[in-house]
Protein chains: 2
Amino acid sequence: MVPMATRAQRTDRRADALSKERIVETAIEILDTEGESALTFRALSARLATGSGAIYWHVANKEDLLAATTDDVLARVVTGEVTGAPPQEAIRAIALGIFDAIDAHPWVGAQLSRAPWPSAMLRIFESVGRQLQALGVPERAQFDAATALVSYMVGVAGQNAANARRVAPGTDRSAFLGTVAAQWARLDPARYPFVRQVATQLAEHDDRAQFLAGVDLFLAGVATL
Amino acid sequence: MVPMATRAQRTDRRADALSKERIVETAIEILDTEGESALTFRALSARLATGSGAIYWHVANKEDLLAATTDDVLARVVTGEVTGAPPQEAIRAIALGIFDAIDAHPWVGAQLSRAPWPSAMLRIFESVGRQLQALGVPERAQFDAATALVSYMVGVAGQNAANARRVAPGTDRSAFLGTVAAQWARLDPARYPFVRQVATQLAEHDDRAQFLAGVDLFLAGVATL
DNA sequence: ACCTGAACACCGTTCAAGT
DNA sequence: ACCTGAACACCGTTCAAGT
């Protein structure tokens with residue numbers, strides 16, 4: 001307790017003192033407001049009113065910086081089980097937490113499929129695994145099931161983010177989907193009957209609900225184990 | 001037929017004539033043998049014995065080039081249904097085709113979670129959708145189920161590729177997994193009981209089999225619809 | 001211990017000039 | 001129509017020099 005207070009005092013002496021937390025925080029700001037391409041060590045050091053080399057005292061390199069920003073965002077995903085709630089509900093809540101986090105910070109999606117799991121992912125994996133145990137999944141199948149579920153969550157949320165990044169910031173989402181749906185409807189009926197059939201659903205579908213439908217499909221499969 | 005032959009003749013007149021196909025082919029070679037960071041317009045133009053600007057005559061920019069390489073690899077994934085084979089088997093075959101393609105070309109995984117679906121993905125989506133129809137999935141649920149399945153396939157295969165890229169080319173895979181498993185086993189038992197439990201399975205698990213186990217979990221869920 | 005900022009070795013992309 | 005290659009406007013990273 002005492003050393004903690006001492007450290008806090010020293011850190012707070014100068015509100016603008018450089019630290020890894022402040023660097024990560026500012027990097028997230030840039031990523032959120034201006035996109036991945038805007039995050040350069042020059043832009044970052046300009047915002048932090050310091051030299052570009054100063055950042056390297058706190059961060060190993062750009063890869064390390066991006067890993068830290070990703071971990072920071074994912075660390076806020078709540079995984080604590082609500083007492084009394086059925087395991088399925090807990091898993092759905094975790095899934096939506098990941099979806100919303102990546103939806104709010106699309107660059108996290110790209111990062112997750114480039115780098116290894118940040119430490120925050122292990123916490124999520126642990127939570128999902130415990131809920132599967134609560135569901136009565138046989139021990140032999142728990143590892144595969146947890147891996148599949150978490151991979152699905154991260155993979156799909158990431159792809160949604162890729163699509164989100166595609167749509168120009170100003171443009172209307174439904175208008176964009178309408179254009180794609182129109183393209184699908186124009187495909188060769190002999191070669192793409194299924195795509196043409198679902199084209200009508202594309203424009204009005206909700207990514208979040210569709211993501212959750214996939215989780216439920218998984219849970220239905222898990223229930224058969 | 002005749003115009004095809006004529007075009008082939010003209011293309012073959014100079015074996016080293018620059019074309020988008022030859023550029024994409026060479027780019028894939030570089031990506032496979034030297035990794036993503038080695039693919040530069042300078043390296044590419046050196047291999048093609050031309051100026052870097054010449055490539056821009058055939059390709060819009062680097063994003064376009066990467067999209068073309070990804071599409072080229074995915075186009076080779078076989079989706080044609082084997083006559084008589086049950087739909088589940090056909091879906092498993094498609095899934096393994098994607099897994100193996102990304103396993104052989106890990107950079108495809110990163111690309112898929114950064115860019116929108118290349119045209120080859122639509123063919124895969126169509127095939128999966130048709131197999132789901134053959135399984136008797138109600139029409140209302142087909143879109144969600146096909147999206148979930150394809151997203152899972154691409155997402156997981158991509159994450160496996162990210163891990164593969166992590167392990168240094170020379171190092172032993174099982175030795176690497178052993179190190180991670182040892183780390184997991186050392187985690188706080190109070191906070192990470194599940195992770196500790198599956199640590200023993202980590203070292204000896206097969207990514208491909210685990211990927212397929214996830215597909216089967218999905219299919220079991222689909223069967224309940 | 002931490003910060004500065006010029007310098008280095010690269011990039012992707014453009015474009016006048018060639019054939 | 002297609003290719004050349006120098007030039008431009010950037011990058012991430014390093015490092016001697018400062019405080």
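Naming convention: chains lettered A, B, ... in sequence-line order (proteins, then strands); numbering from 1 in each chain.
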Practice prompt. Would you tell me if any nitrogen or oxygen in the side chain of A/W57 comes within less than 4.0 Å of OP1 or OP2 on C/dC3?
Written response: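 No, no such contact exists.
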
Worksheet item: Under 30°, 30 to 60°, or over 60°: which ring-plane class applies to A/Y152 and B/F218, parallel, tilted or perpendicular?
Response: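 It falls in the perpendicular class, over 60°.
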
Rounded interatomic separation in angstrom, taking [atom1] from [X] and [atom2] from [N]:
X	N	atom1	atom2	value
B/L66	C/dG12	CG	C1'	12 Å
A/H58	C/dC3	NE2	C1'	8 Å
A/D64	D/dT13	CG	P	10 Å
A/K62	D/dC11	NZ	C1'	8 Å
B/I55	C/dC11	CD1	C1'	14 Å
B/I23	D/dC2	CD1	P	12 Å
B/N61	C/dC11	CG	C1'	14 Å

Worksheet item: Which residues within residues 34-42 of chain A lie with some heavy atom under 4.0 Å of an atom in DNA chain D?
Response: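 Of all residues in residues 34-42 of chain A, the ones placing a heavy atom under 4.0 Å from DNA chain D are A/L39, A/T40, A/F41, A/R42.
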
Worksheet entry | Under 4.0 Å protein heavy-atom contacts per nucleotide of nucleotides 14-19 of chain C, with B for base, S for backbone only and - for none | BB----

Do [X] and [Y] get their side chains close enough for a donor-acceptor pair, meaning under 3.5 Å?
X	Y	value
B/S52	B/S45	no
A/T79	A/S127	yes
B/Q201	A/Q142	no

Practice prompt. Verify, without hydrogens or angle tests, whether A/H205 (side chain) and A/L202 (backbone) share a donor-acceptor contact under 3.5 angstrom.
Written response: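 Yes.
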
Worksheet, complete the sentence: With both pairing distances under 3.5 angstrom for Watson-Crick or G-U wobble, and | for a partner in another strand, the correct string for DNA chain C is ||.|||||...|||||.||

Worksheet item: Does the pair B/R173/B/D207 count as a salt bridge with the N-to-O cut at 4.0 Å?
Response: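 Judged by the 4.0 Å cut-off on N to carboxylate O distance, B/R173 and B/D207 do form a salt bridge.
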
Discussion item. Tell me whether B/E36 is salt-bridged to B/R114, with the criterion being a basic N under 4.0 Å from an acidic carboxylate O.
Written reply: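 Counted as a salt bridge, because a side-chain N and a carboxylate O are separated by less than 4.0 Å.
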
Item to complete: Inspect the surroundings of CZ in A/R191 and state if more than 12 heavy atoms from other residues, nucleotides or ligands are less than 6.0 Å away.
Response: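 Not buried by this count: 12 neighbours or fewer within 6.0 Å.
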
Fill in: Contact summary for B/A185 and B/A199, nearest pair of heavy atoms
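Taking every non-hydrogen atom into account, N-CB, 4.1 Å.
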
Worksheet item: When the aromatic ring centroids of B/W117 and B/F125 are compared, is their separation below 6.0 Å?
Response: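 Centroid distance B/W117-B/F125: below 6.0 Å, so yes.
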
Fill in: A/M153 side, atom CE; A/L112 side, atom CG - distance, nearest 0.5 Å
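If I round to the nearest 0.5 Å, the distance is 13.5 Å.
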
